> 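A single structure is presented below for examination.
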Amino acid sequence: MTPASNPAFDHISAGYHPDPALSMSLHADAYTDPKWHDIDQQAIFARTWQWLCHVERLRAPGSYVTGTVAGLPIVAVRDESGILRAFYNVCKHRAHELLTGSGVRRSIVCPYHAWNFDLTGRLRRARNTDGMPGFDPATVCLDRIQVTEFAGMVYVNLAPDAPPLTEQAGSLETEIAARAPDVAGLTLARRLTYDIASDWKNVVDNFLECYHCHVAHKDFVSLVDMSTYKVTTYGIYSSHMAQAGRSENSAYDVSGATVTEHAVWWLWPNTCLLRYPGRGNFMVLQIVPDGPGRTRETWDFYLETAEPDQAELDSIRYIDEVLQVEDIALVESVQRGMRTPAFTQGKIVYDPDGSGLSEHAVHHFHGLVLDAYRHHLDHRP
């Protein structure tokens, strides 16, 4: 059966049109039916570049950072020769997870039976195996996954055939370098974490349009000059640019700001990169499915210093206590509404000039979702 004749795919994609002016959104079942959560993990998260951390955490030889991608444990390490590597965080002996959290190690030692791997993933020692017939430690190596440094960050990809991120992302790295040339030199100052009762795709939809901003974010539209807001879509990312922080506003104090622009990028499928008015800064908002109808968000603040100044504390407070509260209430309400018989799908609002009042970036996201589903269904055994 091909995707073109797959009833479930036909159902959720009905109404989508390549032209955003003629398109409806994804069907509500794509956000509420648990089977699409499982397909999201296989078709999207296991095949895309996933943000792991800022490069500062993996600069030193021996440094490592663990994470989870598509529900699977992974670890990235900087080996002793300075090469960045990544592996499934799974011992080749009995599948115990090898490392937790982050830190610096000279080798990787399994906490279950103490099998010892070097930082290239090769087995160095396995207790009580000397002389065992048919066992050659030289043939044992951790399973590698793709890893790359990109625009001051580290990303991993579980798909061995995935094209390099630099190849897929077009001009994104150049855009970030132009607007945030200091990104690689910034340091982590805060992390906020949120548990959201909504499908991850609803959270991305909300992030990708500012049609709701005048209605739901009164302080935000006093910070950002919405008359200059421009949304542009590219292959696997979109950008959201506007003048901001150039006058007094009700969000937070910008009187000493050296950054006077709202510069935001969304990287398919779930990484949001932001630079807000203030001192030199960069933020990473990662949107991760956490079961059917649930999302876990992390929002990391990279600043010039590890301790925020007063204006930065105010901006973090605004994002945490105002902006996020508003957005989470919106997407949780949408998720509840999608579970009712009163909604199936909605009209994409489109402005050909690409203003902040247009939903064409949402439409762009929906097209990438459907392409991923189509590819997955077409290649199932």
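The shown structure was predicted, so the numbers you read here are calculated from the model rather than taken from an experiment.
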> Using the ring centroid of each side chain, check whether Tyr16 and His27 are separated by less than 6.0 Å.
no
> Kindly say whether Ser250 contributes a backbone atom to a donor-acceptor pair with the side chain of Ser222 at under 3.5 angstrom?
yes
> Measure the shortest side-chain to side-chain distance between Leu267 and Tyr155 over non-hydrogen atoms and say whether it is less than 4.5 angstrom.
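When only atoms from C-beta onward are counted, Tyr155 and Leu267 do touch, with a gap below 4.5 Å.
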> Could you measure the distance from the CZ atom of Phe365 to the CG atom of Asn270? Nearest 0.5 Å is fine.
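With rounding to 0.5 Å, CZ (Phe365) is 8.5 Å from CG (Asn270).
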> For the residue pair Leu142 and Val90, what are the closest heavy atoms and their distance?
CD2-O, 3.7 Å
> With a 4.0 Å cut-off, would you call Asp351 and Lys230 a salt bridge?
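Looking at Asp351 and Lys230, the cut-off is not met.
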> With sequence neighbours excluded, what pairs up with Asp320 under the salt bridge (Lys or Arg N to Asp or Glu O under 4.0 Å) test?
none
> Got a salt bridge between Arg246 and Asp225, using NZ or NE/NH1/NH2 to carboxylate O under 4.0 Å?
no
> Under 4.0 Å between a Lys/Arg side-chain N and an Asp/Glu carboxylate O for Arg124 and Asp118?
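Looking at Arg124 and Asp118, the cut-off is not met.
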> Could you tell me the separation between the CG atom of Asn202 and the CH2 atom of Trp200, rounded to the nearest 0.5 Å?
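Asn202 CG to Trp200 CH2: 11.0 Å, rounded to 0.5 Å.
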> For the backbone of Trp51 and the side chain of Gln286, can you confirm whether one donor and one acceptor N or O come within less than 3.5 Å of each other?
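Yes, the answer is positive, given that a donor and an acceptor are paired below the 3.5 Å cut-off.
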> Kindly state each residue pair satisfying ring-ring contact (aromatic ring centres under 6.0 Å, His included) with at least one member in residues 319-350, sequence neighbours excluded.
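Residue pairs with at least one partner in residues 319-350: there are none.
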> Filter on disulfide (SG to SG under 2.5 Å), then keep only pairs touching residues 32-145, sequence neighbours left out; what's left?
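Listed by first then second residue: nothing to list.
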> Which residue pairs pass the salt bridge (Lys or Arg N to Asp or Glu O under 4.0 Å) test when at least one of the two sits in residues 126-138, sequence neighbours left out?
none
> Quick check against the 3.5 Å criterion: does Ser23 have a side-chain atom that pairs as donor or acceptor with the backbone of Asp19?
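No, Ser23 side chain to Asp19 backbone: no donor-acceptor pair under 3.5 Å.
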> Using salt bridge (Lys or Arg N to Asp or Glu O under 4.0 Å) as the criterion, list what pairs up with Asp29, not counting sequence neighbours.
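Expected list: none.
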> Knowing that exactly one of Leu186, Asn281, Ile319, Leu188 qualifies, which makes a side-chain contact (heavy atoms from CB on, under 4.5 Å) with Phe301?
Ile319
> Test of understanding: with side-chain hydrogen bond (donor to acceptor under 3.5 Å, both in side chains), list the residues that count as partners of Asp205, not counting sequence neighbours.
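Once residues adjacent in sequence are excluded, the partners of Asp205 under the side-chain hydrogen bond (donor to acceptor under 3.5 Å, both in side chains) criterion are Tyr31, His366.
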> From Leu273 CG over to Ser239 OG, what is the distance, rounded to the nearest 0.5 angstrom?
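OG of Ser239 is found 11.5 Å from CG of Leu273.
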> So how far is it from Glu312 CD to Asp309 CG, rounded to the nearest 0.5 Å?
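CG of Asp309 is found 4.0 Å from CD of Glu312.
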> Name all pairs fulfilling the ring-ring contact (aromatic ring centres under 6.0 Å, His included) condition that reach into residues 274-295, sequence neighbours left out, sorted by first residue then second.
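Every pair satisfying ring-ring contact (aromatic ring centres under 6.0 Å, His included) with a residue in residues 274-295: His262-Tyr276.
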> Within this structure, what is the OG-CG distance for the pair Ser63 and Leu84, rounded to the nearest 0.5 Å?
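It is 8.0 Å, given to the nearest 0.5 Å.
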> Test your reading of the model: is there a side-chain donor-acceptor pair from Ser25 to the backbone of Gly346, 3.5 Å cut-off?
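Pair found, side chain donor or acceptor close to backbone of Gly346.
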> Mind checking what makes salt bridge (Lys or Arg N to Asp or Glu O under 4.0 Å) contact with Glu209, not counting sequence neighbours?
none
> Centroid separation under 6.0 Å, is that true for the rings of Tyr373 and Trp36?
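So the answer is yes for these two rings.
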> With respect to Glu326, which candidate in His217, Lys218, His212 satisfies the side-chain hydrogen bond (donor to acceptor under 3.5 Å, both in side chains) definition?
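Exactly one candidate clears the test, His217.
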> Which residues satisfy the disulfide bond (SG atoms under 2.5 Å apart) test with Cys213, sequence neighbours excluded?
Cys210
> To the nearest 0.5 Å, what is the distance between CD (Glu297) and OG (Ser198)?
9.5 Å
> Report yes if some heavy atom in the side chain of Val154 is under 4.5 Å from a heavy atom in the side chain of Val55; otherwise report no.
yes
> Is there a path from Tyr237 to Leu370 through hydrophobic residues (I, L, V, M, F, W, Y) whose side chains come within less than 4.5 Å of each other?
yes
> Taking Trp268 for the side chain and Thr271 for the main chain, is one N or O donor matched with an acceptor at less than 3.5 Å?
no
> Is there side-chain contact between Glu173 and Phe150, with heavy atoms separated by less than 4.5 Å?
yes
> For Thr48 and Gln50, does a side-chain donor sit closer than 3.5 Å to a side-chain acceptor?
yes
> Got a sec, which residues hit salt bridge (Lys or Arg N to Asp or Glu O under 4.0 Å) with Asp195, two or more places apart in sequence or on another chain?
Arg294
> Tell me, please, which residues at least two apart from His113 pass side-chain hydrogen bond (donor to acceptor under 3.5 Å, both in side chains).
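His113: side-chain hydrogen bond (donor to acceptor under 3.5 Å, both in side chains) contacts with His93.
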> Which heavy atom in Thr32 sits nearest to a heavy atom in Gln335, and how many Å separate them?
CG2-NE2, 3.9 Å
> Take His240 and Ser238 through the side-chain hydrogen bond (donor to acceptor under 3.5 Å, both in side chains) test and state the conclusion after the steps.
CA-CA 7 Å; His240 308 246; Ser238 57; 3.3 Å; yes
> Heavy atoms only: give me the nearest Glu175-Met241 pair and the separation to one decimal.
OE1-CE, 4.2 Å
> Can you see which heavy atom on Thr66 is nearest to which on Gly101, and at what distance?
OG1-O, 2.8 Å
> Is atom CD of Glu321 surrounded by more than 12 heavy atoms (other residues, nucleotides or ligands) closer than 6.0 Å?
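Yes, because the 6.0 Å sphere around CD of Glu321 holds more than 12 heavy atoms from other groups.
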> Between Gln42 (side chain only) and His376 (backbone N and O only), is there a donor and an acceptor less than 3.5 Å apart?
no
> Do His360 and His364 make the cut of ring centroids closer than 6.0 angstrom?
no
> Is there side-chain contact between Thr120 and Arg85, with heavy atoms separated by less than 4.5 Å?
yes
> Search all heavy atoms of Val231 against all heavy atoms of Ser355 and return the closest pair with its distance.
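Closest approach of Val231 to Ser355, heavy atoms only: CG2-O, 4.1 Å.
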> Hey, is Glu261 close enough to Arg275 for a salt bridge, meaning N to O under 4.0 Å?
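Looking at Glu261 and Arg275, the cut-off is not met.
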> Kindly assign one of parallel, tilted or perpendicular to the pair Tyr318 and Tyr252, based on the angle between their ring planes and the thresholds 30° and 60°.
tilted
> According to the disulfide (SG to SG under 2.5 Å) rule, which pairs have a member within residues 317-375, sequence neighbours left out?
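Sorted result for residues 317-375: empty, none.
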